[in-house]
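Quick note: numbers below take in every heavy atom, side chains included, and nothing from hydrogens, waters or symmetry partners. Residue numbering restarts at 1 for every chain, and letters A, B, ... go by the order of the sequence lines.
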Amino acid sequence: MPKKHQAQNSPVIEYRNVSVIRAGAPILDHIDLHIGKGERVAYLGRSGAGKTTALKVINGLIAASSGEVVIDGTSIAQHALPALRRRIGYVMQQPALFPHRTVLDNIATVPRLLEWPEERVRSESQRLLEQLELPAKTFGARFPRMLSGGQQQRVAIARALIASPEILLCDEPFSALDPLIRAELQTLFRSATEARAATTLVFVTHDVREALRIAERVIVFDEGRVVVDTPSSAFMKHEHPLVRRFVEA
Amino acid sequence: MNDLLRLTGEHLLIVAIAVAIAIAAGVPLGTFAHRRRRAGGIAMRVTDIVQTIPSLAMFGFLIPLPFIGGIGARPAIVALVLYSLLPIVRSTFVGLERVDPHVREAATAMGMTDRQLLWNVELPLATPAIVAGIRIAAVTAIGVATIAAAVGGGGLGTLIFRGVAMVDTRLILSGALPAALLAIAADLVMTQVERFFARRRGEG
């Protein structure tokens with residue numbers, strides 16, 4: 001299922017000597033990274049390690065202080081951000097659904113920005129909701145407030161996936177959920193994203209098991225730097241002390 | 001009786017025109033204040049100060065002014081607009097301020113432009129707060145409008161002032177009671193409108 005390497009040659013996301021400095025302190029410290037098309041990457045690290053910042057420079061929610069982030073061969077600075085962001089899905093810890101819009105209208109956000117025909121919006125969102133086991137018939141017309149946290153997060157995932165983004169960015173999407181629901185959502189998330197082989201996934205987490213479950217490559221951040229970059233399969237045996245601490249925790 | 005109806009109509013018309021103008025100016029002003037903190041802060045301070053001017057004094061200030069002042073319905077409307085501005089500007093600001101920053105971040109991350117963020121997300125979410133501001137503005141304006149009669153603005157205040165001058169309690173009450181009822185009715189109606197908007201976003 002995970003289609004690997006053909007990827008590596010054509011980087012979709014490239015960090016070129018990227019630093020982010022806030023209040024004189026580096027949050028990201030000279031990062032160089034290549035992420036290939038269709039790769040599934042986890043950014044792992046303790047809180048404050050810089051992984052979320054590394055994620056947010058990809059869709060320009062945070063601007064690099066120096067260096068550049070290159071998407072599809074073009075520097076972020078040269079992209080029109082709204083247009084670029086419509087090609088990049090984004091899911092964070094909070095579902096952050098639009099409280100004044102129904103489930104279906106939430107999911108339709110990006111397609112409507114892209115001016116899809118309504119017919120296509122409807123059929124795609126229904127299909128996606130089925131896939132995430134949240135039947136549109138029952139849930140489509142509900143408002144976010146009427147859903148549980150896990151259900152809201154599924155809607156957030158559907159909202160991020162509907163326009164088949166080239167890149168999907170996830171910032172600890174499951175860490176606010178209780179363990180049973182988290183495991184269930186991880187499984188649903190895996191199958192929904194693996195069905196979109198062309199989508200490059202960057203997934204921020206502080207949970208090793210989650211990283212290994214979802215990604216095929218793990219990048220460990222510490223104090224704003226990349227300290228380990230390894231295939232998931234080799235992670236458990238990696239000798240870096242931080243990895244050992246993660247594995248033994 | 002005929003007089004009463006005519007004056008009630010006048011009263012409502014003055015208030016409606018003033019509140020409509022205050023909405024048209026206040027919502028953009030509140031939005032601006034939210035976007036540009038520094039300049040917006042000054043605008044809010046000014047509306048704050050205007051609000052503290054006693055209404056009779058306000059009408060007094062307006063009498064000598066050309067174009068917007070003088071005697072009649074025009075200075076009355078100008079004064080009511082000034083009084084209605086603060087609650088609307090403030091509630092717009094507060095409504096926008098209360099939008100969950102995560103929701104704003106999600107909207108931006110999905111590729112909404114600044115304008116789309118404002119129209120599709122922020123203003124709809126701020127609507128219940130804005131409506132609450134309009135309710136306060138309308139109720140206040142109905143009250144202040146009774147004083148407008150002092151500068152020839154018409155409305156139910158005419159009966160009150162006439163009653164005071166003639167020491168006729170019945171005449172005073174014939175203006176005061178309908179004015180009070182109008183204020184209560186406006187409050188009730190606007191509360192329902194507020195509920196309607198709250199329910200529309202699934203809170204009811």
Trainee: To the nearest 0.5 Å, how far apart are CE in A/Met92 and CD in B/Glu105?
Mentor: 4.5 Å
Trainee: For atom CZ of B/Arg195, decide whether the heavy atoms of other residues, nucleotides or ligands shown that lie under 6.0 angstrom number more than 12.
Mentor: no
Trainee: Counting only heavy atoms from other residues, nucleotides and ligands, does the tally under 6.0 Å from CZ of B/Arg35 exceed 12?
Mentor: yes
Trainee: Determine whether more than 12 heavy atoms belonging to other residues, nucleotides or ligands lie under 6.0 Å from atom CZ of B/Arg38.
Mentor: no
Trainee: Could you check whether atom CD of A/Glu118 has more than 12 heavy atoms from other residues, nucleotides or ligands sitting under 6.0 Å from it?
Mentor: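 Yes, CD of A/Glu118 has more than 12 neighbouring heavy atoms, counting only those of other groups under 6.0 Å.
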Trainee: For chain B, find which of A/Lys56, A/Arg87, A/Arg142, A/Gln93 contributes the most heavy-atom pairs closer than 4.5 angstrom.
Mentor: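 Of the candidates given, the most pairs with chain B belong to A/Lys56.
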Trainee: Which heavy atom of B/Met110 sits nearest a heavy atom of A/Arg86, and at what distance?
Mentor: O-CG, 3.4 Å
Trainee: So, for B/Thr108 and A/Leu61, which heavy atoms are closest and what is the spacing to 0.1 Å?
Mentor: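 Minimum heavy-atom contact is CG2-CD2, 4.0 Å.
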Trainee: Between A/Thr109 and B/Met112, what is the shortest heavy-atom contact and its length?
Mentor: CG2-CE, 3.5 Å
Trainee: Considering only heavy atoms, which portion of A/Leu84 lies under 4.5 Å from any heavy atom of chain B: side chain, backbone, both, or neither?
Mentor: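 Nothing of A/Leu84, per the 4.5 Å heavy-atom cut-off to chain B.
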Trainee: Checking A/Leu114 against chain B: side chain, backbone, both or neither under 4.5 Å from a heavy atom?
Mentor: neither
Trainee: Please classify the contact of A/Leu81 with chain B as side chain, backbone, both or neither, using a heavy-atom distance under 4.5 Å.
Mentor: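 Nothing of A/Leu81, per the 4.5 Å heavy-atom cut-off to chain B.
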Trainee: Let's test your reading of the structure: which of B/Ala106, B/Gly111, B/Pro101 forms the most heavy-atom pairs below 4.5 Å with chain A?
Mentor: B/Gly111
Trainee: Would you say that more than 12 heavy atoms from the other residues, nucleotides or ligands in this model lie under 6.0 Å from the CG of B/Leu56, or not?
Mentor: no
Trainee: Select, from B/Asn120, B/Asp114, B/Val99, B/Thr113, the one with the greatest count of heavy-atom pairs under 4.5 Å involving chain A.
Mentor: B/Asn120
Trainee: Between atom CG of B/Asp100 and atom CD of A/Gln94, what is the distance when rounded to the nearest 0.5 Å?
Mentor: 7.5 Å
Trainee: Would you name the heavy atoms of A/Arg85 and B/Ala109 that are closest together and state the gap between them?
Mentor: CB-O, 3.3 Å
